[in-house]
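In what follows, chains carry the letters A, B, and so on, assigned in the order in which the sequence lines appear, proteins first and then strands, with residues in each chain numbered from 1.
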Number of protein chains: 2
Amino acid sequence: MATTIYDVAKLAGVGLGTVSRVLNNSPAVRDSTRQRVQAAIRQLDYTPDPIARSMTRGRTGTLAVIIPFFTRPFSIEVLRGIEASTSRLGFELVVYNIENDAQRDDCFRRLPMSRKADGLLVVSVSPKDVFIPNFAQAQLPTILVDAYNPSITSVVVNNVDGSYAAMKYLLEKGHRRIGFINGQIEGNFKFNQANDRLIGVHRALGEAGINFEPELMEIGSWDRQGGRLASQRLLNLKNPPTAIFAASDVQALGTLETAKAMKLSVPRDLSIMGFDGIELSEWLELTTMQQPMYHMGELGMALLMEQIENPQKPPELIRLNTELVERSTIGSPKIRNEQ
Amino acid sequence: MATTIYDVAKLAGVGLGTVSRVLNNSPAVRDSTRQRVQAAIRQLDYTPDPIARSMTRGRTGTLAVIIPFFTRPFSIEVLRGIEASTSRLGFELVVYNIENDAQRDDCFRRLPMSRKADGLLVVSVSPKDVFIPNFAQAQLPTILVDAYNPSITSVVVNNVDGSYAAMKYLLEKGHRRIGFINGQIEGNFKFNQANDRLIGVHRALGEAGINFEPELMEIGSWDRQGGRLASQRLLNLKNPPTAIFAASDVQALGTLETAKAMKLSVPRDLSIMGFDGIELSEWLELTTMQQPMYHMGELGMALLMEQIENPQKPPELIRLNTELVERSTIGSPKIRNEQ
DNA sequence: GTATTCTGTGGAAATGCTTCCATAGTTCCA
DNA sequence: TGGAACTATGGAAGCATTTCCACAGAATAC
């Protein structure tokens, strides 16, 4: 049916070992022989079967990425970086989207055992500790991006510093009552990011000598709806905040929508700070803390390559910095008493 | 190293054939034997090697999708539908992003030959006719989504009717000078979509007895920048249009930005109609022609499954309808002379 | 009580490659 | 000129499965 290495060998009048050597660019082939074999390959339009190759080589030429909600703008942007590196390196990319705990655990249980991929990139999810031994035992090189586990090399953004800087910026603008919309800490997935961002908020508040008021913190899903609902609760307080810091740009969008619905002008009546720096933030003129999303994907891939080449490499933790992008959703608060 | 079927056989005290039968749920295994084998499998924590399985079965359990610019919101939305179906059916998804002609041709040349995937979904690109024989010969079941080729089952949106309806809506609102921003017809890829949309525009104009004025049609890249530049040209005409119909929502966003920059109020001074119905259009309150993107992905997958089960199935062309979503970027034109 | 069918089961063959070992031919050096 | 050291090559073994054929033993039929 399909043409195999034998057909090529026969046509070229050589042994199959020689064909294999030509295919793998072994130098131990006389030039004239190489020519003949290559001619036969062309004539038969032969392509080596990748599955059979994986069989003997023990490598698949495939990289896997586990990514929850791969339709979130943040994830997509990370994925872009991953995809670009992957294809540049000549690997193929298998995408495992996970939408719930069961799927996640399934992935982490199964993937390491099956030799389906040469490496694994996990984005925005931390495998439960239970599964860590699987990885170690299966020797599947793995890197975490936007997630952290001490026994796996991880690339994260410095969420504490990021949210600290965001809050500090707001404080410097004169805001004293600042609402904070955080993402779910222990929702479907363990986003420690949320916790870190909360720590940053506390720190900035503490330095400014302002008490953390629980009523000014709301937790919502990481999407627009989450931001919308949380901001409604915040802005309906008796003493509403003059600024809102949202843990994601999409939540900031929801906040913007609430403001519009309540006829609040941004930034005159309400200042809004986002987090992520997705393309949307640019359209919205949203002031935000930019994460190096694309770069996180690229870097994750680079680290994965190192891990594949040297599986003994000890795990490390890489922290990247966020960057404040000033746009036009933040101003100084009106002085309430002057009014 | 890794535990194989032999280890299981030995532990369970059966032949390897029996283990294989248990793994594949063959009914021809005595119940007591099955129990013993399953116990051994659990004890060794054995997982069959998917590569070796593919080797003998001739199937890979993997589906490939070729998708250009997989970061465009439209593509993502289609991909969502594809991913959901794929994982529901227990397949894995390999994503090939293509960004230029060379990559595209490479994909189309290579993929059919290598038995890497059991089926292929191609989104928004039509393979050159040269490669069609490859597919036929290689028996790789293939479906086109948002693209068309007579010899491959294709799922498309009725672009002619869609743009016809969009234009008609604008005409009914009283607009007579309507700018049309189209995507590149023969740019990097062959998007016949662009051509079809142009035909719809012509038809609506013709029915209304209005001449098509070439200066009112601009071609831009399918992104925001393309929309921005094209709309600038349009609005700087001596006699600028009162409405602009953009071939994608992202281009409509660019148009919105131009309008803002030129201090034109939408829809008072300028009406804008988009195309696609991505989430963004909702945030922007953009009136647009909605494509059933997610559904297109799902449907493509369903058709692919049929094709895999019955490779002899003749190609068919499935046209889906678009739907006008009225939001707030379209009004009636000011009567210039009254002014 | 023998011939026939059925039911489980074992294991060889096959899948298409890479790798390694053996070998024939060639070159080199004393 | 005889062996040592290379070089190029052929092909067997091995990779981890599935599938198929053969066969033993049990059940059934006559």
Side-chain angles (χ1 to χ4, degrees), chain A residues 1-41 44-62 110 112-118 138-139, chain B residues 1-41 44-62 110 112-118 138-139:
Chain A
M1 180 83 206
T3 73
T4 71
I5 203 169
Y6 289 96
D7 304 320
V8 177
K10 203 185 299 169
L11 180 61
V14 300
L16 79 169
T18 302
V19 178
S20 176
R21 274 182 287 266
V22 170
L23 287 172
N24 294 287
N25 295 315
S26 159
V29 180
R30 194 184 304 156
D31 229 35
S32 60
T33 311
R34 183 184 304 277
Q35 305 288 333
R36 270 216 319 289
V37 172
Q38 280 168 339
I41 289 176
L44 295 173
D45 197 13
Y46 165 78
T47 317
D49 182 331
I51 296 181
R53 288 190 127 169
S54 312
M55 191 77 199
T56 50
R57 286 175 162 178
R59 290 177 287 117
T60 61
T62 294
R110 289 230 193 95
M113 310 311 294
S114 75
R115 309 178 326 192
K116 278 219 122 172
D118 299 339
Q139 313 247 48
Chain B
M1 179 84 202
T3 72
T4 71
I5 203 169
Y6 288 97
D7 303 321
V8 177
K10 201 185 300 170
L11 180 61
V14 300
L16 79 171
T18 302
V19 178
S20 177
R21 274 182 286 268
V22 170
L23 287 172
N24 294 285
N25 295 315
S26 158
V29 179
R30 196 182 304 157
D31 229 36
S32 60
T33 311
R34 183 185 305 276
Q35 304 287 334
R36 266 213 325 287
V37 172
Q38 281 168 338
I41 289 177
L44 295 173
D45 198 12
Y46 164 79
T47 319
D49 182 330
I51 297 181
R53 288 189 128 166
S54 310
M55 189 79 196
T56 49
R57 286 175 164 177
R59 290 177 287 117
T60 61
T62 294
R110 290 231 192 94
M113 309 310 294
S114 75
R115 309 176 327 191
K116 277 217 122 170
D118 299 340
Q139 314 245 51

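- Mapping B:Val14 and A:Arg57 onto DNA chain C by nearest heavy atom places B:Val14 closer to the 5' end of the strand.
- Between the C1' atom of C:dG16 and the CG atom of A:Leu44 lies a distance of 15 Å, rounded to the nearest Å.
- OP1 and OP2 of D:dT18 both lie 4.0 Å or more from every side-chain N or O belonging to B:Tyr6.
- When the side-chain nitrogen and oxygen atoms of B:Thr56 are compared with OP1 and OP2 of C:dA14, none of them lie within a distance under 4.0 Å.
- A donor-acceptor contact under 3.5 Å is not formed by the side chain of B:Arg34 with the base of C:dG8.
- Base engagement by A:Ser20 is indicated by at least one non-hydrogen atom pair under 4.0 Å involving a base atom.
- Taking OG1 of B:Thr3 as the start and CD1 of B:Ile5 as the end, the distance is 10.0 Å to the nearest 0.5 Å.
- When the side-chain nitrogen and oxygen atoms of A:Thr18 are compared with OP1 and OP2 of D:dT9, none of them lie within a distance under 4.0 Å.
- The phosphate of D:dT18 (OP1 or OP2) has no side-chain N or O of B:Arg21 nearer than 4.0 angstrom.
- Between A:Met55 and B:Asp49, every side-chain heavy-atom pair lies at or beyond the 4.5 Å cut-off.
- As a whole-Å value, the separation of B:Asn24 CG from D:dA16 P is 17 Å.
- Between A:Arg30 atom CZ and D:dT7 atom P the separation is 13 Å, expressed in whole Å.
- Within the nucleic acid shown, A:Ser54 has no heavy atom closer than 4.0 Å to any nucleic acid atom.
- With values rounded to the nearest 0.5 angstrom, A:Arg21 atom CZ is found 10.0 Å from A:Thr33 atom OG1.
- Checking C:dT9, C:dG16, D:dT9 against every side-chain atom of A:Met55, the shortest atom distance belongs to C:dG16.
- The two residues B:Asp118 and B:Gly61 make their nearest non-hydrogen contact at OD2-N, 2.8 Å.
- In this structure, CD1 of B:Ile5 is placed 19 Å from P of D:dG14, rounded to the nearest angstrom.
- Regarding A:Arg59, its CZ atom lies at a distance of 13 Å from the C1' atom of C:dC17, rounded to whole Å.
- Between the side chains of A:Arg57 and A:Asn24, at least one donor N or O sits under 3.5 Å from an acceptor N or O.
- Closest to the A:Leu16 side chain, of the nucleotides C:dT18, D:dA16, D:dA8, is C:dT18.
- Summarising the geometry, the separation between CG on B:Asp49 and C1' on D:dT18 is reported as 13 Å, rounded to the nearest angstrom.
- Nucleotide D:dT17 holds its P atom 9 Å from the CG atom of B:Asp7, rounded to whole Å.
- If you measure from atom CD1 of B:Ile51 to atom P of D:dA16, you get 10 Å, rounded to the nearest angstrom.
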